[in-house]
Amino acid sequence: MKFTKILIFSLFAGICACNCTTEKPSGNDDGTGSEKPVIPAPEHDVTAFLTKCDGTVLFAESGFDFGKPGSMSPYQVTYDKNTDSPQVEGFGLAITTATAFNLLKMTPEDRTAFLTETFSRENGAGSSLIRVSIGASDFCLKDNYTWCDTKGLENFAVHQEDRDYLFPVLKEIYAINPDVKIIGSPWSCPKWMKGAQYGYEGYDSAVLERDFDSWTSGRLKPSCYRDYAGYFVKWIQVMKAEGFDIHAVTMQNEPLNHGNSMSLFMPWRDQLAFVKVLGPALAEAGLEDVKILLFDHNYNYDNKDDQINYPLNIYADPEAYRWAAGSAWHNYGGNVYELDNIRAANPEKDIYFTEASIGEWNYSFDGCLVNDFSSIFIGTLERGGKGVTLWNLMLDDKKGPYSPHDGSCKTCYGGVTINSSDYRTITPNTHWYNMAHASSVVKPGARLMKTGGFSFPSGFECLMFLNPDNTVGVIVCNKNASEQQLVFANTKFTVKYTMPGKAIASLLWQE
Amino acid sequence: MNRYIKFPIMLIAGASLLASCLRTPEFRTTDKGPDMTVNSCTESTYMGADIKFSVTVSDDDFALSTLKAKLFYDEAEVGETVVRTKENGTYEGTVNAPLYRDIPDGIASLVFVAQNVGMGLTYDTVYVSLKRPDFQSLTLSDQDGRTWQMSRSEGYRYEVTADFPAQLNGIVTTPAVNSDGDVIAFGWNGSELEAGNENAIPFSANISGEYTVSVDLMSLSASPFNHVISEEIDLSEASPEAVFALRQGAGLSFPMIESVSDWDLDPDFFSVDDNKNVIFNAVDGHYKFRADFGASFIKVLPCDAAGNELAMGSGCDGAVWAIGQNFGKPVIGPSWNTTDGAYAFAQVSPKVFQFSLNVGGQIKEGVALKIYQQMGWGGEFVKNNFASFDGAGVFVMTESGDINIAEGAKLADKKAYRFTLDLNGGADAAVLKVREVEAAGGAVLDISVNGVKADRLSKSIYKIKAMQIEKGASVSFSGIDNPDGWYADPDHFIRSASGLSFNAVSGYYSIELNLDGEYLTVRRVKADGSPATFKDEGAITIMGWGVAHPVMTSQLAWDTGALITLAEIEDGVYQFTGIAVEETDGTTMGGRFRYDYLSVKFFGQAGWGDEMGNVTLTDSAKKLVAVPGNIELADGVELENGAVYVMTVKADNSGFSGGTFDCSVDFVKK
């Protein structure tokens, strides 16, 4: 994989195929040496990628050959290719207008190189699932906006900020990987569709229909359900016409959040009612292929007792059940174990992880590398999850640009950090490596396989996937300090791998 | 014995250690290990068994130290035995060949390492052929010495079906694995089978009885744990009552009832576990189950094998009953009634009886509850029979044993009260405690229309599947607040100072009551509640855009789940009345016409199929609508926003056998 060499060179040897420079991950300025660039190796049966928590090895590629079958190793992991688990759609990070702004500040050559490293299946990590906001998010460049800020759907139009920043970047991404899928999420409905008042969580129809002129909180007026459904239809139609594959939409980013710089409170009863309007509207417009995902918020339902089991309450309605393809989740509260509850109740419904961020409040390279890979990627995938999108792909070293409005995140890190003094120097952060490790070996259409044999010790996790091309992808996370032998075995060969301590790894081989 | 290699090896020591030794001659070292001969070693055996060996070691120059036997699976060391070797001679020992999940038969390496006190080492390696335990049968034994033969069912799986206790702590052993008669015994390490582990495998079921115990010597799994033994409860709408002999803790399966765990199961007699298994809570005995499919409720009556309801026995066992007023299950029942108004306490442990009621739907102000010793008048508990009574500050007991709400006290809204009667002290020293508990399953409201009880479909929707109503009959409600404020469409109902009267032709109708929205939805049905048709009953359904019920944000659209039937106000004459409103109007009750758009069609059943054919418009209708296909607003026409419009349809179903039916339509502003 050419990408790997480019990245490793760029990261550690100062050689940069994209003519930009990159730096070591933050938090690892201890002067320890890094591995030398991987020398192009002859074709091997197994390709391995490794990133260590100490930053000395960063998405380093190596290769080795199959061993003989019939291993008696106690560390033997068996796997069953007969799997009907949900098909994985992919992994990626959000393309906000902030990310697009930073990307467009790069030279075209540097930008193409970076996007290739991130999205290319042949020469990069192969990210295939991204998230964009429908209208502005808290990482917009200036004012809050939707695509219909003047009352009446006849006033629907692409906002210039998206036209100028989002669209060109998406077009470049699609030129590199035409199979990228997009999840769209609104941070707020148009204000003229908003009713009630700040913090209102009741259901009095008279209150709900009362005009509320605010970018935060408020409720979607029931009388505007059809208009808002029409808004979604138009947004999807525009995006598709531009060549962007809208795979799914959520009805509201963080529907239980009254704050942020843009928000709309949408309790499950509101989403239950609205999905019954949105679903038929999409169908009527011939957009049945666009999935409607419920919720899009935290595992702990923001500690609102009446919102527990949010998506399950909606699935319980037969008509809503028909339109809701699945649910989407964030990890800013609660634990991924909640997905056990969701999957047990409705195993036939999709699960996506749609947002997590690193930032000043939580970031360390060594901690986030393994902890996020474990809880977000492995945690979602082992529960039948179909994909993961993380927050901004790229922010600058000032953690921006971000919305100037109150409530926006001004301490977030992107998947990569670009130096705003030159818009060339890129520091990949843990979320980029997490995405790269998953995307590089778990391909769209992959299915999780059941494994047997060796019982992994506490702090050690490993998932195996069967890809559509009959390759096997393995992702491994070792939070422990000690290395761990692994022997993946079938009747024809074995794959022996020693997993270093405090690291994440990915393996890929052709069956 | 497959000898691999034998060689002395030079001690590799650190430079500092070597230097130290040179300076201290009393710690003399050597690069020559002891002489070692492997006399014998198990050449093949099962994983989980011991590998036996005999090794002779000797050393003329140095005292012997140890003999180690290290077992390797591939490159991984999986076992070691260390023998202290003080004297030259022959030493025997064993090293266990561990059995791991899912690994195949293979060849292990057993490396012998002899060491003298001069740190000299000698190695010798032999191969041992290992197989997974693979027998025709295994033996399961419990802590009381009982044994069962487990037969191979497939692969490495073995099972036995028998009458087992609810808790079966067992060990599984193989037949002899060698000529010495050694066996492999499998215990439980907390997560899987483990050879040599002496902790019993904790097989378990909810009750004792017949179940299947299995182990798998490939995956090292075992089952069952927390198995639910289910009794089959054959209740159906055709046969809703039967007597069953049940044991406490038994699982109950209801093959004729779909999703019984979602019924309003009486929490005194039933519980539902995390896997939606319905568990029987009361003590062993015979019970009569009476299923009410309309209310999704099963009334439980303790009885004898012949189905006669039990009375309290002389040993204070049997059954006790609650009779009185203003309480009942699933809804408040008839007052002081010894049949439908008598409810059994569940005996949940010997001589301890339990009875729970949800506030609102099952118990309300004015309650009087008395405990009887039979399902009827006769023996009863009066105050003197109680050694103590704790009414939780809410209930008091009269001298005659009536339990009432204390003066000034109020029932806790949305909660339940549990009455626990303990007769272990005898019938004259009863102890009764009342405790507030969480309501089970939500309160079921007792709602009726003209005395016909509505079934709860959800917390906010109640429905009468079918009731016969005569044209002109008064329509009254019970169990809902402020029915006069509810929306009742002006086609099916006429509201007057004296209340509602029914305006549609006599027949069977379903009535749906939406408690949250406070409106009624009436549909023509057959006597059994199935949808009426134009062909059989003359019923006409309507679907399309621009029509709604009860507000415009609930447009009927082309949704066969939302359609309604037109009110047939005279034979062959149908009426649909509504206020013309904006499409987005979600608040105007009766806003059933969109003022600026209309596209509707009539059908002969609840869904696609028979539908309107030729439509003749009256002159007044022609001013408002046209029929290019569907009935739509005429070109350039908009209805007056806020005005009331009436659509009247005439259609004759006599002789109609299916297909299309002609009709005339009048449409006017009222």
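Quick note on labels: first sequence line is chain A, next is B, and so on, each numbered from 1.
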Using non-hydrogen atoms and a 4.5 Å limit, figure out which bit of B:Met47 sits close to chain A: side chain, backbone, both or neither.
side chain
Cut-off 4.5 Å, heavy atoms of chain B, and the answer for A:Tyr75 is side chain
Determine whether A:Glu209 and B:Thr587 make a side-chain contact, defined as any pair of heavy atoms from C-beta on separated by less than 4.5 Å.
yes
Between A:Ala489, A:Ala206, A:Gly453, A:Pro318, which has the largest tally of heavy atom pairs under 4.5 Å with chain B?
A:Gly453
Can a donor-acceptor pair be found between the side chains of B:Asn189 and B:Asn199 at a distance below 3.5 Å?
no
Per-residue tally against chain A (heavy atom, under 4.5 Å) across B:Pro98, B:Pro104, B:Gly586 peaks at B:Pro104
Just so I understand: if I count every heavy-atom pair under 4.5 Å between each of A:Lys221, A:Lys276, A:Gln76 and chain B, which residue has the most?
A:Gln76
Quick one: what part of B:Glu582 sits under 4.5 Å from any heavy atom of chain A, side chain, backbone, both or neither?
neither
Under 4.5 Å from any heavy atom of chain B, what part of A:Ser71 do you find: side chain, backbone, both or neither?
both
Between the side chain of B:Asn514 and the main-chain N/O of B:Leu520, is any donor-acceptor distance below 3.5 Å?
no
Name the atoms and distances for all side-chain donor-acceptor pairs under 3.5 Å in residues 493-501 of chain A, with sequence neighbours left out.
residue: A:Thr494; atom: OG1; partner: A:Lys68; partner atom: O; Å: 2.9

Quick one: what part of B:Tyr100 sits under 4.5 Å from any heavy atom of chain A, side chain, backbone, both or neither?
side chain
Carboxylate-amine/guanidinium contact A:Asp211 A:Lys194, below 4.0 Å
no
Value rounded to 0.5 Å, distance of OG1 in B:Thr42 from CD1 in B:Ile51:
6.5 Å
Side-chain donor or acceptor of B:Asp74 paired with backbone N/O of A:Met72 under 3.5 Å
yes
At a heavy-atom separation under 4.5 Å, does B:Leu220 approach chain A through its side chain, its backbone, both, or neither?
neither
Please classify the contact between A:Pro74 and chain B as side chain, backbone, both or neither, with a heavy-atom cut-off of under 4.5 Å.
both
Would you mind checking if A:Lys191 and A:Asp213 are paired as a salt bridge, meaning a charged N to carboxylate O distance below 4.0 Å?
yes
For B:Ser219, which atoms come within 4.5 Å of any heavy atom of chain A: side chain, backbone, both, or neither?
neither
